[in-house]
Every structure is written in C-alpha cells, then in structure tokens.
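Taking it in order: structure first as structure tokens, then the write-up.
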Amino acid sequence: MNDAMLPLITETVLACLPFYPLISFVLLISFGKHLSWRVAAGLSVGAMVFSALSSLFVIQQLSIDVPVITSHLWTWFTLAEEVNQTTTSINIKFYLDGLSAVMISVVTGIGLLIHIFAAAYMKEDENFSRFMAYMNLFIVAMLILVLADNLVLLYLGWEGVGLCSFLLIGFWYHEKANVMAARKAFIVTRVGDTAMAIGLFMLFKELGQLTIVDITQSAQTLWTTGDDKAYWIALLLLGGAVGKSAQLPLQTWLPDAMAGPTPVSALIHAATMVTAGVYLIARMNSVFLLAPQVMTYVAWLGAATLILAGIAALAQSDIKRVLAYSTMSQIGYMMLSLGAGAFSAGVFHLMTHAFFKALLFLTAGAIILALHHQQNLFKMGGLLKRLPFETALFAVGLVCLIALPGSSGFFSKEAIIAQLWSSNTAGPLLWTCAIFGALLTSIYSCRLFFLAFMGESRFEQSLQPSSSKLVKYSLIALAVLSLVGGMFGNIIETSLAQVFPLVTRSALNEPNWLHSVAIATPFVGIIFSWFYFASYRSKDSAGLNKNIFIESTSGLANFCRQGLGFDCLYHWLLVKPYCSLAKLNRRDIFDQLIMLNAWYVALLHDVLKSSQTGKLRWYAAAIGLATFLLLLVLSVDVISTEAS
Amino acid sequence: MSITLLMCGLLFGGALAWFLEGVKAQSARWVSLLTVLVIGGYFAIALNATAYDFSTLQLLVRVAWISSFHIEYALALDYLSIVLILLTLFLALICVLVSWQEINDKVGFYYFNLLTSIAGIIGVFTAVDMFLFFFFWEVMLLPITALIAIWGHENRHFAAIKFFIFTQLSSLLMLVAIISMSFIHYQQVGQLSFFYQDWLTLDLPLSISQYLMLGFFIAFAVKLPSVPVHSWLPDAHTQAPTAGSVLLAGVLLKTGAYGLIRFVLQLFPQASVNFAPVAATLGVVSILYGAKMAFAQQDLKRLVAYSSISHMGFVMLALFSFNAIAYQGAVLTLVAHGLSSAALFALAGMIYSRIHSRDLNHMGGFWLNTPRMGGFALAFSAAAFGLPGLANFVAEFLSLVGAYQRYPILTILAAFGLIGSAIYGMVLFQGVFHGKCQVKQQAVNDLSSRELLVFSSLLALLIFIGFYPNSILGFFQSDSIIIAINNTVGVSK
Amino acid sequence: MIAIPLSHILILASILFVIGFIGVITRKNTLFILMSLEVMLNAVGVAFIGAGSAWQQADGQVMFILILTLAAAEVALGLALLIQMQRRFKSLDIDNLSKLKG
Amino acid sequence: MTQLMLHSLLPVLIVAFGIVLSLLLIAWRRSQKLILIFTITIFSVALLASFSLFVDLADAVQVTTLVKVDSYGLFAFMLVLVASIAVSVLSSMWLTHTTEVHDEFFVLLQLVVLGAGILVISDHYASLFLGFELLSIALVGLVGYSRDSEFSVETSFKYLVLSACASSFMLLGIAFIYSYSGSLSFSTEQLMFDNMSDLSILVRNYGHGDVLFYRVGFLLFMVGIAFKLSLAPFHLWTPDVYQGAPTPVTLLLATVSKIAIFIVLMKCWFSQAIFVDTKSSDENMLFLMSIFAIASMLIGNALALKQQNIKRLLAYSSIAHMGYLLIVLIVISPQSVALAWQSALFYLTAYVLASISIFMTVQLTQYHHNKSELNVDDWQGMFWQNPSLAVLIIVAILSLAGIPLTMGFIGKFYLLNVAVQAQQWWLISALIIGSGIGLFYYLRIIFVLFTIVNEKNIAKELIPVSLTLSPAVNFSVMIVIILSVLLGIFPDLLGNLLVTVN
C-alpha cells in the first residue's frame, strides 16, 4: 500500500466507521417487516462487523507519531460571535485519539458480540428487525458521541443514545411499566443533558470555542486552577455526566431501565451508554483539572453512588436489578477514579466493566429465557446443576465483578483503589469508601450467586435453555475477554498517557498495608456471605424455613430495595407538584383572565339589555335622566377646568 | 420576478378550483395542487434568474396606490422573506395534500380559502408599505378564519371568533402605531408616508418610539404568540381542520416573528433595546409555560399547540438578545418549527381521520398497526424536543447560545424548557403509540402513500436542515441586522 | 319699565319645561302625554321670546311661530295615532305599548 | 337672490317641486307604479343636479342667512339621494304585497328627503329646525306606515313622543344659545369666540346671560341631535323603532336621517371653532363629545353582542357607528377640518352602502320566512344557497366591522387618522375595544351564513334561505358588492373626489 495514501484511507475509514450501522438502520426500519430473520440479522450484525473491523484498522494506525487521526466531513454550522469578532465552525468531524480508540473498540467490539447474541435472543420477537434497527442506531449515536471532535457533535451522540435507550427500554410498549420506565429514563437523563447544554453555552461565552482541542488549549491559557468559570462549567458538565451515568442524584432511572430486553441492558445500560458520563469527564479533563473542587465532588459522588448502589443491590430480588445496581456502583468506581485524577484507571475500569457486565447481563438473559422470563431470584435456586454452562459463565462474570485476583476486574479496580489514598482530590476517606464498596460488591454478588445457582431448585417448570450457537459463542467470547481483559491494561495505559496529563499527587505517604487490604476485601466478603447466606445455599430444603425465600417486607429491606427512597423523594418533590400544577392549570389561567373580559362584556350586555324595557315612559325618563347626568358631568368639568 | 404575479396566480388558482369544483367534482384538489406547484416552480426559477443581492432589502415594485395618504403598493424581498415564502409555499403543498381526503364538503371553496390565505401571507412577507402590510396582515386572516369556522371541529365558531378578535384587536393597535408613524413623518418631512424605508430614516425621540414600538410589539406578540396573549392559539389550532392548523402553526405564527424582525427591531432599535429585558422574559415565560401547559393537555392538537407557544418563546428570547448567533437561531427556529409543527398537526389530523378523536385517553398502542406512522411521529416529536440531528436542535441551540451571551440567567431558565419539551414530547409520542390499544385495531391503518409523501418530505427537510443548516443560515451571515442595530444603538459589552 | 333680567325668563322657561317633561314621564294616559309635550314646546317658546326681546331681534318670535307650527303638526299626528290606539287596544294606557324590547 | 344662489339650491328645489308634482300626479291618477317611477326620477334628477353642482362649485355659496351650500353638504345630499332611491326600490318590493295604492308613502319619502336636503345645507338654527322637523314628522308617518303590523302604533308612538321630547330639548337648547349669543346663525358665533374678551364685555354690558347658559344650551341642543343620531345615552328608542318600522323605513332611519343630522352637526360644530389645539376653544364641549363617542361605541356594541333579531342588532350597531363617527368632530386645529370632512363623508358612504346591502337582504329574505321578525339564524347556510346575496351581506358586515378589502376599513382608517392627529388616545382605545366587541356579533352573522346545513340541522326548522332573485335584483346586488370592494381597494376613486373639490 502506498504510504502517502494511507492517511487518506485511514481518514476515509474513520469517516465511514459510524455509518455502516446507520445504513443497516435505515434499511431495517424501512423494509424491516418484509425481511426474514436471516437477512435482518445478517444486515445488522454485518454492519457491526464492518464497524468493528474499521475501528480495528484505524486503531492500528494510531501510534506515538500519529497520536490523533481526524476526519472532517462537513461544516455543520458556524457561530459568529460579534463581540469578540470570532467565528467558530462547528463541524461534523471525527477525532480519534487514545481515549476514543478505547471507547470505539469497546463500543464496536462489545457491540458486535451483543448484536450476535441479540440476533439469537430476540429471534422469536415479532418486531425483531425493529429491535435490531434500534440497536444499530444506538451504535451510530454512541460512535458519534465518542468520536466527536466538538461538544455539539458530542451532544448529538449524547442525545441520540438517550433516544435509543428510551426506545429500547420501551421496546415492549404494551406494558405500562415499560413505557413509564422509558419515559423516566429519558426525562431524568434529559435533566442532566440540560445542565450539560447550559455548560456548553457557558463554555462558548467564556472561551468562544466548542471544539474539544481548542477548549483544552484556551482553558489552560485563559484560566488558572480554581477559576470560578471553570468551576461552574465543570459542575454543569458533571450534571450531564451524572445523568447519563446514573450517578447520584440522577441515578433513579437505571434500575427501571431494566424493563428493556436483556441485550439492551447489556449494551446500553451496562457496557456503553452509561459510561458516556465517564467518557465526558475524561474527555473534558482539562476543564475539570482546572476546577479541583469539582473533581472532589466527582469523587464523592462516585463514592456515594457506589455505596448506595451496593446497599440497594443487597436487597433486590430481581436478577437484572441487582446487576443494574451493580452497574451503578461500578460506574461509581469510575467516577471516583476520575475524581481522584486517575483518568486512565477509570477508563480501564470502564473497559473491563464493559466486558464482564455485558457477560453478566447476557448470561442473565440466557438464564431468564430458559426460565420462561422469570427474573425473581427467590424463584430460582439450584441452577448450578440444571444450567451448568450458564452458571459457569455467570461465575466468571461475578469473579470479575468481585475483582478476585487475576480477573480483569481485579486489575482495573485495584488500579483505581491504589490511586485514591494519595490523590489530591480524593484521600484516605474515599479510599475507605472504595474498600467498603468492594466489600458490598462481593457480598451482593455472593448473595446473588447463592440464591440463583445454589440450594434447592425452586423453579418447578422445565427449563428451555437456548441451543443457539450464536448465543454460546458470543457468551464465551465475552467470558474470555472478561478473564483476560486485564492484560490490556498496559496497552491502554500507554495509549491514554498521551491523552491525559499527569496529575500531581500529594505527598501523603501510603501505608504498605493498603494493597493487602484491597486484595483481601473481596475474600472477606465472600467468607462473610458464605456464612451469613448459608440458608440460601443449603440443599436441605425440608429442614429449612421456606419463609426466607419470600421477599422481606420489613421497612428497611423495602427502603433498600427501592433504591434508598430517591424515587419517592423525587416523586413528592418534583413529579407530583409538576403534575398537580399542570392539572390545576389545565384550563390556562391566562386564558381565563382574558376570557374574563369577555365575561365582563357579556355582563355589560345583560345589564344594558335590561334597560331596553320597551316602556315609552322609561325611555323618555331616560332622556331626562341622561340630560341631567350630563349636566352634572359638565358642571363638574367646568368647575375643574376653571379651577386649574 | 413579480411577487404580484405570484399572489395573483394563487388567487386565480383558488378561484379556478372553486369554479371547477362546481363543474367537475374532485377537480379542486388537482387544480390547487397544480397551482401551488406551478407557483412554487415559478418562484424558484425567478429567484435563480434574478441578479439582485437579497442580503439587503430589494425593492421590486413601488407604485402609488392611495394618493390622499401617499400610500403605495410597494413590495420588496430579502433573504428573510425569501426563506419564509419558500417555507410558506412548501407548507401550502403540504396543506393541499393533507386536506386531500379530509375535506369533503364544499371542497372548491375550501381550496379557494386555502390558496387565498397563502397569497395573503406572501403579501405580508413582502409588503414594505406599512399600509399595504397591514392590508395583507388582515386579509390573510379572513380565509383562515373561514377555514376554521367552516371546516373546523365541534367548537369551531368560538375558536374562530376568538382567533379573529385577538388578532384584530392587537392589529388595530398596530394600525394606530402605523398611522402615528406616518403622521410623525408628516411632521418631520412634511408629507405623509407609509413607506418602510422612509420610516427608517426618521428620527424618533425615545419617548414616542417606545409607545409606537409597543403598538407593533403587541400585534406581533399576539401573532407569535407570547404568553400572556397566547390563548387564542390553543383553541384555534385545536378546532381548525388539519390544513388550517398546519397553516396556522407553520406559517401564520411566523408572520409575528417576521414582524418583530422587520419592523419592531429595525424601526425602533433603541426602544427595542430598552424593552428587551421584558420581551426576553416574556419569551422565557412562554417557553416554560407553554411546555408546562402542553404537558397538561389531554387533547392531542392542544398539546401541539402549546408546544408551539413554547417554541415561539425561543424566537422571542433570541430576537431580543441582539446577538447575531441568536438571530440566526431565531430565523432557523421559524423554519424548523414551521416544518415540525406542521408535521405534528398533520399527524394529529391523520389520527383524527382514523379514530375521530383527538383525546389522548382514546389513544395508545397504535404502534402495533401503524409502525410507519409511529416512526414518523417519533421523529417529529423528537424534533419538538430538540433532538440533535433535526433542524430544531440547531435552531434552539443557536438561539440559546446567542441569548446566553446577553441574558445568562434567563437563558438558563429557558434551558429548562428543554426538560419540559422532553416531558410533553414523551406524553405525546408514548400516549399515542405506546401502551395498550384503546380502540379497535382494525380502525387504525398505517400511512397511505399520500400521507407517506407528506411525512417523508417533511422529515427529509428536517434532517437535511438539521445536518446542513448552512443551507439556510448561509443567507444570514452577512446581513446580520442585529449588528446593524447594535451599531446604531451603540450596545456593547 | 323695569327690565326683567333675561336669566329670570330663561329660568321660568326651564321650570315650565321641566313641568312639561315630568308630565310626559309620569302620565300614563296618552292624551296627557301629548298635552305635556305641548307644555314643553310652549316653554321653549317662552325662552325664545324672552331671548328675542332681550336682543331686540325678531328672530325669537319667528322661532316661536315655527314652534307653534311644529306643535300643531305633532298634535295632529299624535291624535291620529291616539285614535288608532284606541281602536286597536281599547285603551289609552301608554304602558300597553311595550311589545318591542330587549 | 342671484342666479348662482338659485343654481346652488337646485337639488333641494327639485325635490320640493317633486313633492308638489307628486301631489298633482296623485290627484290625476293613482298608480303605484307611476308614483314609484316618478319618485325615483325626481331623486335621480336631484342626484344629477347635485353632482353637477358638486363638480362645478368652487366655493361655498351663502344663500340668505339661512342656507349655505357647500360641496360637503352636496356630497352628503347625494348620499341621501342614493339611499332614498334604494329605499324606494325596496319599498316597491314590500308595498306590492297589498292591493292598496300607497302613493302617500312616496310623498312622505320625498318629504323626508327634502328635510334632509334642507339640513345638509343649513347654516342657521332656524333652517336646522325646519329641516329637522320636516324630517321627523314625515318619518313618524313612515315608521307606522304598515297599519296591519302589530307594532305599527307602538313604533310610531314611541318615535313621535320621544322625538318630540328630544326636539323640545334641542329647541330649548337653541333658545339658550340664542339668549347668550344673540344670533341664530352658526357662523356668527365664530366671530364671538374669536374675541373672547369682547364677549365678556358684551355680556357684562348687556347682562344677557351667562356663558353657563351657552354651555347648558349647547348640551340641550346636543340632546336633540344625539337622540336623532341615537348616540348613547339617548339610544334607547333605536332598536324598538328599527324593529317595528317597515324594513325600507328602517333603512331610511339608518341612513338618510343620520347622514343629514350628522352633517348639520358637523357644520354647527366646526363653525364654533372648537379645536383641541386652540386655546380659545371650549374644552368642556370636547369633553362632552368624547363622552358621547365613547359611551356610544361601548354601549352600542355591548348591546348588540347577543342580539338575535337582525334589525335590532343593526340598530345597536348603528349606535356604535355613530359613536365612531363622532371622532371626526374632535380635531386638532382648523387645518384638520378638511380631513375631518373627508373622513366623515367617506365613513358615511361606507356606512350607507353597507346599510343598503344588509337591509336589502333583510327585505328580500323577510318574506321568504313569512314573518316580520328576522333572526340571525334565519340566514343559516345562505352562502351555499344564495351565494351572491350572502356575499353581499359578508361584504357589508366586514365593511361595518372595518376589515380590509372593504370600504369600512378605509373609513376606519380615516377616523383613526383624525384621532391620531388629535392625539385622542381615549377615543382610540374605545374604538379598538368597541371594534373588538363588535367583531363578535359581526362574525357570528357571517358564520351563520356559512353553516353547512345537513339533515341534522333541519330538525331545528331552520330551512336555509333559497330565493330566486330576479336578474335586476341580482344585477344590483353585484353592483353594490363590486362597488364596496372596489372602493375598499381603490379608495382614491372616492377619496380624490373629496379632496380635490375643496
């Protein structure tokens, strides 16, 4: 291949990369009804293959010499700022560096595997092609998000993934619950998006830029660390990030989002979309680093979320909701890491988490399908024997989640925890939180495992394990990735090193027991659960009280199950007032006020009409009366004008 | 090029449709379709053929009309009016198509009214003699009122009267202001004049111009509409036949914005700048209040109507921020909202034709049988809540970015409208297409090919503009009237 | 001769006028209404004559003659209608004539 | 008396001789057709005469102290004659329903026109009085003309007594004014007002009264005028008489009597030189007039709001229109008088044309329904049955409502011009509010015309009007429609006439 041609080809490949799934989307949505499963699946998965191969190719082209590849498609619009006489073009332009390389490899790689899984998983659904179309569209939006050269384009992808998430959560739209979950997801994330949009307005006003590279440059030249503007902008961007990544205080939508088909939960609500917030903060690190206070907030938000989600996960009975809370909690780790300035560790965890959480969700999906859409843990039990293959895969996933040494989760999570103690923006307290979170993680994972796979089988019907090879292969691939994903650590480290600046660390000396504690924590959790949840794994059903398999109705358990009451809080604080305000004013108070005038006129009409009695003598008297009154008015007027 | 010919052509086409319907049934539709196509084609060709530079106002015709008041028949064009005329003609086409099967009574007269109102609207966008402008401003109302009052829904007379009285009252205020301006011209120059460009040269003391500005402003604010004088709109939109709603939302509201740009801002720059905080606040209130009201509605068309109020609030906010970016955003909002709200009203009309109800409680679960319609509905509600990639996003983004330069707090409040719009967008889309089906499924058919044509053309334009807004914004880079105003008034940071 | 101030004459005319007017609005019988109208017109006549003599002009008297003519014409019409009314309603109560209203 | 004076009196003289000839004609041969044709001929000849005079007349001609012929008055007289021709034509339709020969109707009609003719050229309170009473007394005869009608006695009695009352008020007012000014001529008062100081000397010297008497006198004078113009609060009689009178007579009341009296009011008013900007002018009088105007606009429109009976509705709307018209009296300075005249005449033309249109339709449809009471709903769906007639109404209604494309809008535009120049913001506000209220009932009528009547509606016993119109009627309908729209779009056709003459 001609060397001179190579950059051009790379550029073209990069430019086309996100659009293969778009073509598939358009075809599927237009002709979906008429396509057979084979064609539809082939189309959508094929598009993903193209994208994945393209991303492999372009990532190959990245090197120390070529740290960035860009591809300019066309100018979207221009912002002409007349005060500073600056003109900023907002382009449809893709920007590939180490960070986006990691992201596109996750998106296309995991996306491809999930597409393969979904093709088999959703085969029976009558709206199969619509489903695959949405999934494709999602990939398009996600790729645009991570490849965007400027924040407006990023926002496009950002909203696009939100829309697809909405569509996929509400995919089975006949159920009211699904519909409401979809609505909630969209609106709650929209709150964050709005904060982010305001952040963009502010950025443009202050810097006159919206292109990420330019922002990085001018932010560093115009602002000093701790600048007020940087603080506000970072805070607003953080608002966007917490919305998308389901962090406190906008986390409530994620558990409900599990109403969508399982591949959706895997792809969108575990592996990719929810990590967009993490990506945003990592991408905008230049701004965040100028606002250390916000970095601290990020860390604290992450820590709070990971503990809160861990506690909530402990009380869940729905397998997918456990995983959802666990996702929240793991993203909390990523946030914590970003807040601590450990950007590459955060991104690394993002990737490994994508592997094992996708695995967990997909396996859960396979199990749920086998159990005739039974998702309640308390109705499972003893699946170890009945579904050995799925159990093994799930166990692999859990091992990674708990971060047992050697697994991919171990590498990434340890990398995070290791950097907390002496970070300027985190510190020992947050380190403790992270450790506590890890403990919680291992406890709820064990609880989940014991409930579902061990003990007496409580599922009476026969099982229907999927026999599809596509399912198996995709799961195995994910399992392998989860196990060996830790090896990518170095590659990522090097590729990200050029993206993230070095963060100064405090000189706090780290006690040498830190690492031991971190490694030991999961085991402590496992041992604790082994005994604490002994009844869950006991096979001796006869001697046991069956009551333990009935969901606890105690207040505390309910409180935890419902995500520590945030839903309730928001319902009474925001939703209810808004709805009742709307209801109260359905007839539009301004309209009423204006129509009041019409009422006055009608009243005037009635009054005047009653004066039209038809009586001649009254008419004559009225002439006299009116004359008299006019005389009075005239005399008053005469007196007043003469007085003045 | 002759705008007069354009209007006469539409009038003639309308009259022909009316006449031919008596001769042969069904012919009115084809005649009007043909008329709109021919007129649109003529306009496009004529535009290409002219050598004018439309970045400033180009006078096309100027002849004496009413000599006792020095009133002239004067028409002029610039890019703003060209863009709006193109939008009008395109939506006229949509109107003809959506009425195709909806209107079965007095079809000829219906199309006559439709085309007449289009002609009047084109007149509004081109008139530069203020009396003429007012003349068209009123004349366009008559056929639209007739559309509502004759072919509207159950409460049509009330809605038509309300619509007419609102606009008439406010425009009388404008008439008073117009007459006052001409009288001031008389006092300063010694001759009455209603010619727009004569007025631009007047030297108005602020004490007078603020009142005159208010006269114009109120008329346009009612048409825009802005809270608190918006309440004609939900009724009119709801009761109008589909094409009427499309016309109202798509074009008629734009005349209000056009008036603000052309007259309020340019004739009274200083007074506008002084008044801007109030106007911008009204804009923000409209955004939020409209979004909130839209959410509260049970009636599909009312919901869309309130969403229009919300969107027009962006225009108001943007225009009164005196910022070139915001100005572009406002212009783009006009086009984008014209297309998206037209589409949503067309959607409401199509649903009405299927289930004979506009009540959201009677809807739900339509996706099952009408996936195509659902898909389009999704796209159009996405446009309504400003999904990037559609024209509305760029429009709102530009408006807000621009407005933020001047009114950070107000813009932040306005941005909450984005949440509000998401909420009503969800209510709209999910209420119709998600959930359990309430009516007999058989009744709900998917789009016919005519409807498909309507929707796909609208969506294609929305997407095209959404990704390539420069196709429109390109015209508004150089002629930023806002810069001119800022220069005259001397506003700067 | 002691000159009577014009204002006195005018006030007298006004009083007469008001008396006539009160007659119109209080009387139910149509005939009396017509008579009261005559009183009003004659009051005006007094005012004209008074003013005319104060200004030493004939105009006031001319007007008075015109008023007399008017009064005659009105009474003629009034009486004709009165007969009609009597024929149709068998009553002269003016309050019967109140079908047109609202 | 010079030849010029005689020449300038020609139109009025023609009508006067017409009356004599009519009487002779009746004595010779009683024929409905003959007298109709004769009447119309007289009116047309008078119309021609006044038109030629209108074109030729260079300056106002003072004919004795009583009368002053000017082109404004002549134009108004032309309007009166046009309206009277319309009335004659309409009444011919109506009077054919009985076998009696109704020649006296036409004589009375000619008397009314003569009265109006005298009014529009009068320059003196005596001639005003003559014209005024000629008009009123003849009208009393006409108002109660249809003896079979249940309302005839009531209507004519009301009109007789109330108008006599109002006339006495007016006469008393004139007496007061005379007692103060010592002249019955309109124009001499101007002299007196120009020398306010002289006046007070005069008053002191002679002791002939007080300026208070003048003011009270003017108010009482206005009572009479306001009654005839049915300005609020002297409007109570209007709907009853409009409803009870035969339709052509209602048209007569609405047009001829109002035009004539308004013109004489204007002449009287402007000769007193009451202007906003002039220091010497009497602010109290302006104030009084504003009260009349505002009250009429609001009360008239409010009363019409929910009215069903068309004739009553038109009565109420005429109250409002007279209120609008009063705006022209409040002008800023003598320079604006010309504009005021143009405005008034244009507005009156529009008003007359609209009134003729509507009453024509009322007359045509009244007998279709076979009842004298015509309600708005009786016109249901007329647009689909009788488009030309319906368009006639629509144009007329739009004209009354002041919507562009019609003359009424230009009329309103004129009025607003006057008001803006005089900076009468209160009047303008009232006009705007009044128009707003007015739209409600005007639009209601129009919408009724457009009602699509199908099987469901027939249950209400409201059969849509479907008439077959004779070609002549159709032709005249078309002429009126075209005229009102044409003058609405090209008001110069009329406006230039009004401008260039004076």
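Letters A, B, ... are given to chains in the order of the sequence lines, protein chains preceding strands, and every chain is numbered from 1.
Between D:Phe176 and C:Ser14 the shortest heavy-atom distance is CZ-OG, 3.3 Å. Across all their heavy atoms, D:Phe169 and C:Phe21 have their closest contact at CE1-CE1, 3.7 Å. When every heavy atom of D:Phe157 is checked against every heavy atom of C:Leu82, the shortest pair comes out as CE1-N, 4.0 Å. For the residue pair C:Leu100 and D:Asp240, the shortest heavy atom distance occurs at O-OD2, 3.0 Å. The shortest non-hydrogen separation linking D:Ala175 to C:Val44 is CB-O, 4.4 Å. The two residues D:Glu150 and C:Lys99 have their closest heavy-atom pair at OE1-CD, 4.4 Å.
With chain C as the partner, the residue from D:Ile174, D:Thr155, D:Val216 showing the most heavy-atom pairs under 4.5 Å is D:Ile174. Interface remark: of the candidates C:Ile9, C:Val24, C:Leu66, C:Leu66 forms the most heavy-atom pairs closer than 4.5 Å to chain D. With chain D as partner, the option from C:Val62, C:Leu34, C:Thr30, C:Ile49 having the largest number of non-hydrogen pairs under 4.5 angstrom is C:Thr30. The candidate with the highest count of non-hydrogen atom pairs below 4.5 Å against chain D, out of C:Thr69, C:Leu70, C:Val46, C:Leu41, is C:Leu70. Most heavy-atom pairs under 4.5 Å with chain D, from the set C:Ser36, C:Gly20, C:Gly52, C:Ala47: that is C:Gly52.
For D:Tyr316, the part lying under 4.5 angstrom from a heavy atom of chain C is the side chain only. Residue C:Ile94 touches chain D through its side chain alone, counting heavy-atom pairs closer than 4.5 Å. Only the side chain of C:Ile33 comes within contact range of chain D, judged by heavy atoms closer than 4.5 Å. Heavy atoms closer than 4.5 Å to chain D are found in both the backbone and the side chain of C:Phe48.
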Worked check of side-chain contact (heavy atoms from CB on, under 4.5 Å) between C:Gln57 and D:Tyr178: CA-CA 11 Å; C:Gln57 287 171 354; D:Tyr178 175 59; 2.6 Å; yes
Chi angles and distances behind the side-chain contact (heavy atoms from CB on, under 4.5 Å) call for D:Ser168, C:Glu74: CA-CA 12 Å; D:Ser168 346; C:Glu74 258 175 18; over 6 Å; no
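Side-chain contact check for C:Leu37 versus D:Leu160: every heavy-atom pair is 4.5 Å or farther apart. For the pair D:Phe129 and C:Ile67, the minimum side-chain heavy-atom distance is below 4.5 Å.
Distance check, rounded to the nearest 0.5 Å: CD of C:Gln84 to CD of D:Glu154 gives 13.5 Å. Atom-to-atom distance recorded for C:Met63:CE and D:Leu171:CG is 5.5 Å, nearest 0.5 angstrom.
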